[in-house]
Amino acid sequence: MPLSTAQAISAPDKRKNGPKHTPIQFAFSALTGVSPYLAGRLATFFWYRTQHRPVTVDEQRVLERATTEVRKFANKSVCIYRWGKGAPVLLTHGWNGNAGQMTLLVEALVARGFQVTAFDAPGHGHSSGNSTDILEISDLITQLLQESGEDTAVVAHSFGGMCAMHAIANGARANSVVCISPPRDVTTLLQQFIKILGMDSAVVNQLKHRLEMRFGEAMWSRLSMQEWVSAADIPGLIIHDSRDRYIPVSNGRAVHTAWKNSELQITRGLGHMRILQSTEVITCIERFLTKSSQ
């Protein structure tokens with residue numbers, strides 16, 4: 001998904017003397033001039049491509065205290081981590097993230113008496129592979145929710161929120177969901193991807209055609225957080241930062257508006273990633289999960 005490239009390639013640097021283009025944008029422009037078809041193939045490759053973000057020393061310390069399972073899933077090996085005992089919570093990281101990013105939340109929830117499960121999605125963290133998509137991650141979430149039971153709460157970051165709600169919309173059961181910095185739909189992700197790579201309409205059309213071959217022509221309306229949460233019968237909490245550069249806060253507001261049984265918490269100055277380390281955010285999540293589990 002698009003944020004794989006967003007974290008690897010800086011966005012255009014707009015200064016007073018006009019926009020500066022990144023090397024990848026120059027490359028796409030040159031390739032498009034030769035063959036929009038080949039540029040479309042390369043864009044599709046980047047869409048699915050993932051990166052294995054290294055964990056920090058502190059994150060690794062928390063991961064090492066977990067009961068770790070390495071499971072074969074979709075011809076890949078995925079790492080699943082479990083801590084504590086109590087009401088179950090499933091943590092889902094975002095695109096190009098990993099379970100380590102959520103270890104501050106892990107420690108806080110375990111201290112409050114929750115049983116916490118996290119995982120490295122296929123192509124992420126210590127799991128194998130270099131590509132994945134919403135269907136594969138959603139299937140893994142469905143499997144984990146089936147194992148932990150219908151009283152499981154889900155806390156998901158960014159694209160992980162889309163994957164979790166896709167799983168729930170397609171039959172997985174959870175008792176509540178926290179979405180941190182969620183995109184409203186796949187069109188939002190595509191628009192971000194277009195900006196980062198600087199694709200013209202010919203390449204965009206090639207990419208959309210290839211995605212529709214995988215997800216169906218109706219994907220642009222069907223892969224929608226707003227649609228999924230409008231039918232959700234469980235409580236939700238949306239947390240979004242007003243200065244999120246990757247997924248603007250308008251996305252979180254739109255998800256909240258569509259989700260009748262939801263709360264909205266807007267932070268300021270935390271951006272898209274530091275929001276996961278905020279004491280204020282973690283406390284907000286703890287309170288919501290405690291209330292939902294009673």
Any side-chain heavy atom of E280 sitting closer than 4.5 Å to one from Q265?
yes
Heavy-atom distance under 4.5 Å between the side chains of Y81 and H126, does that happen here?
yes
Using every non-hydrogen atom in the two residues, find where P36 and V203 come nearest and quote the distance to one decimal.
O-CG2, 4.4 Å
Taking side chain as C-beta onward, heavy atoms only, is T142 less than 4.5 Å from L145?
no
Could you give all pairs that pass the side-chain hydrogen bond (donor to acceptor under 3.5 Å, both in side chains) test and reach residues 105-119, with sequence neighbours left out?
R65-E107, R112-E286, R112-T290
When you compare the side chain of L276 with that of V281, does any pair of heavy atoms fall below 4.5 Å?
no
Would L140 end up clustered with V70 when hydrophobic side chains under 4.5 Å apart are linked, directly or stepwise?
no
Name all residues meeting the salt bridge (Lys or Arg N to Asp or Glu O under 4.0 Å) criterion together with K85; count only those two or more places apart in sequence or in a different chain, and write none if there are none.
none
Side chains of T188 and D185 only: does a donor on one sit below 3.5 Å from an acceptor on the other?
yes
Any N261 side-chain heavy atom under 4.5 Å of D233 side chain:
no
4.5 Å side-chain heavy-atom contact, D151 and P88:
yes
Do W83 and I80 sit in the same hydrophobic cluster, where Ile, Leu, Val, Met, Phe, Trp and Tyr count as joined when their side-chain heavy atoms come under 4.5 Å apart?
no
Single hit among R53, H124, H93, E59 for side-chain hydrogen bond (donor to acceptor under 3.5 Å, both in side chains) with N98:
R53
Contact between I266 and R253 at the side-chain level, heavy atoms closer than 4.5 Å - yes or no?
yes
Quick one, V177 and I168 - any side-chain contact, counting heavy atoms below 4.5 Å?
yes
Is the count of non-hydrogen atoms from other residues, nucleotides or ligands lying under 6.0 Å from R41 atom CZ greater than 12?
no
Would I134 and F215 count as a side-chain contact (heavy atoms from CB on, under 4.5 Å) here? Give the steps.
CA-CA 10 Å; I134 187 172; F215 301 105; 3.9 Å; yes
Minimal non-hydrogen separation, S250 against R184, with atom names
OG-NH2, 3.2 Å
Is there a continuous path of hydrophobic side-chain contacts, each under 4.5 Å between heavy atoms, that joins L135 to F45?
yes
Which label fits H272 and Y246: parallel for a plane angle under 30°, tilted from 30 to 60°, or perpendicular past 60°?
perpendicular
Once ring pair (Phe, Tyr, Trp, His ring centres under 6.0 Å) is applied, what residue pairs with a partner in residues 218-244 remain, sequence neighbours excluded?
H166-W228
What I want to find out is whether R287 reaches E263 closely enough, with some N-O distance under 4.0 Å, to be called a salt bridge.
no
Are F119 and M162 grouped together when hydrophobic residues (ILVMFWY) are joined by side-chain heavy atoms under 4.5 angstrom apart?
yes
Minimal heavy-atom distance between R222 and E227, with the atoms involved, is CA-OE1, 4.1 Å
Shortest non-hydrogen contact between L63 and T68, atoms and distance
O-OG1, 4.1 Å
Quick check on the hydrophobic clustering: are Y48 and L190 connected, directly or via other members, by side-chain heavy-atom contacts under 4.5 Å?
yes
